[in-house]
Amino acid sequence: MDTLKEKFKEKATPLAKEVKAIIKEHGDKKLGEYTVADVYQGMKGMIGMITETSKLDAQEGIRFRGYTIPELREKLPKAPGGTEPLPEGVFYLMLVGELPNYDEVHNVSNNWARRCVVPRHVFDVIDKLPKGTHPMTQFSIAVLAMQTESLFAAAYKKGMSKKDYWDYCYEDAMNLIARLPRVAAYIYRRTYHNDNHIEPDSKLDWAANFAHMLGYEEFDMKRLMRLYLTIHADHEGGNVSAHATHLVGSALSDPYLAFSAGMNGLAGPLHGLANQEVVAWLSEMLKELNTTLPTKDQIAEYVKRTLEQGKVVPGYGHAVLRKTDPRFTAQQEFYRTYIKHDDFCETVQLVYEVVPPILESLGKIKNPWPNVDAHSGALLMHYGMKEYDFYTVLFGVSRALGVMASLIWDRALGHPLERPSSQTTEGIKKKLGI
Ligand code: CMX
């Protein structure tokens, strides 16, 4: 058993017992009172599931096992000569709840490098899709094609015991995470670079190797990729990609099936696809105004027109957050520290000044502040990755870290099939006597 796996087992076994005891002793106590509005409006704010890896606070933003984004950037191990955390470290932290040291992170890098071989048929499946297929669709299909490799599914077929679920889930999760950058880079090079593919370099860390396979060798892009893949990894359990993965996994669908479902949710414009929508929206605005750096008045006019057309301003708003997303702030700091000036990134800063008061003035938007997607595309554009309909795939590669760590915990704690009750409007009306 590898050391990370052993460590996980040490943590999971006693907690699984404790959770059983909590449910037995306190299972009938109330966690909250829910209203008709809660039921109709996407269950926002209802506590309906357990997620060990991270917790979101409406005012402060995300904490991974108690650590904020600025703390992660400071405390997680860096690549030699690097300034941003290695995403391997955030996976380690989410899985075992402890900050890793450099050697522990290096071990995870090596572990994933050993597991990174993608079966040929997965590339064949991608190659059979029309070139214009959206990269997220290619990605989700490729993950499904890899399901042939599921050790969880094979063990289940042979009749594995419940106590072994987490073990096979761990193996699938580690293999999947190890292979995703290769699959994503293959889709990128196929779609935008005439099938000119780049072999992995096993000496590089997970994020740097991903940048390399995408075709970006500059140190700055590798640094950005480490930050990007760290900050997008998790956002507690209720967001669409995490919840979909958890829900599908609760049927004991294996990690490949569950993750593909999560990616189909991430591909929605109100969730992960917003990162491509932001760049599309900004590019359209600049084209229409025939400028590279608009004035605040011009931006305000454009925002108002967007709203009049019944569209959302992409990158703004959030179902839980009520302040500027610290993942936005981390990227803003990255811009100010390493890029300093770029018209497209400057436009993002101006939009940040203009949009919140306009959204606030509508009186119905609960959070007028920017989310992670408002900034991420501009940094990628700066380093030359302008194919913005690929951006959500980058988000997806990162999101695998959180949802896979959570899925391993789901199986270790014996979480059952998820099956909430629903009600008809007729039933609601009866209850309300109307
Ligand atoms: N622009 C215009 N209108 C917005 C808005 C925005 N950025 N954000 C919310 N609204 C509107 C909603 O559409 C809703 O309108 P209706 O009452 O007419 O239906 C109203 O304001 C109230 O919405 P809310 O309760 O404040 O927001 P929700 O929790 O329902 O939705 C979110 C949250 C993120 C889907 C929404 O803010 C949005 O559509 N934002 C733009 C898309 C985006 O950036 N998504 C990425 C989120 C982060 C991520 O998952 O990656």
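Since the model is a prediction, treat every value here as computed from it, not as a measurement. Both ligands and their constituent atoms are indexed starting at 1 by order of listing.
No N or O atom of Lys311 sits closer than 3.5 Å to an N or O atom of ligand 1. Here's the thing with Gly315: one of its N/O atoms is less than 3.5 angstrom from an N/O atom of ligand 1. Note: no N/O pair closer than 3.5 Å links Asn367 and ligand 1 by distance alone. Looking at Leu270 next to ligand 1, an N or O pair under 3.5 Å apart turns up.
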Side chain to side chain donor-acceptor pair (under 3.5 Å) between Tyr192 and Asp389: does it pass, once the steps are laid out? CA-CA 11 Å; Tyr192 311 107; Asp389 54 2; 2.5 Å; yes
Evaluate the criterion ring-ring contact (aromatic ring centres under 6.0 Å, His included) for residue pair Trp409 and Tyr170; output intermediate values, then yes/no. CA-CA 9 Å; Trp409 272 106; Tyr170 173 95; over 10 Å; no
What's the verdict on side chain to side chain donor-acceptor pair (under 3.5 Å) for Asn239 and Ser241, showing C-alpha distance, side-chain angles and the deciding distance? CA-CA 6 Å; Asn239 67 77; Ser241 53; 2.9 Å; yes
Evaluate the criterion side chain to side chain donor-acceptor pair (under 3.5 Å) for residue pair His246 and Glu418; output intermediate values, then yes/no. CA-CA 9 Å; His246 165 81; Glu418 188 172 297; 2.7 Å; yes
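In this structure the side chain of Pro294 reaches within 4.5 angstrom of the side chain of Leu286, judged on heavy atoms.
Within the listing of ligand 1, atoms 43 (C), 44 (O), 45 (N), 46 (C) sit less than 4.0 angstrom from a heavy atom of Ala274. For ligand 1, the atoms sitting less than 4.0 Å from at least one non-hydrogen atom of Val312 are 1 (N), 2 (C), 3 (N), 6 (C), 39 (O), 41 (C), numbered in the order shown with element in parentheses. Listed by number with element, the atoms of ligand 1 under 4.0 Å from a non-hydrogen atom of Val313 are 1 (N), 2 (C), 6 (C), 7 (N), 41 (C).
Counting heavy atoms only, Ala319 comes closest to atom 29 (O) of ligand 1 of the residues Ala319, Gly268, Gly317. Residue nearest to atom 30 (O) of ligand 1, selected from Lys44, Lys366, Gln41: Lys44 (by heavy-atom distance).
Judged by the shortest distance from any of its heavy atoms, Glu277 lies outside the 4.0 Å radius around the atoms of ligand 1. In this structure, Leu307 is part of the shell of residues with a heavy atom less than 4.0 angstrom from ligand 1. For the pair Asp373 and ligand 1, a heavy-atom separation below 4.0 Å is found.
No side-chain donor-acceptor contact under 3.5 Å links His243 and Glu236.
For atom 27 (O) of ligand 1, no protein non-hydrogen atom is found at a distance below 4.0 Å.
Salt bridge status for Glu333 with Arg73: present, with a side-chain N to carboxylate O gap under 4.0 Å.
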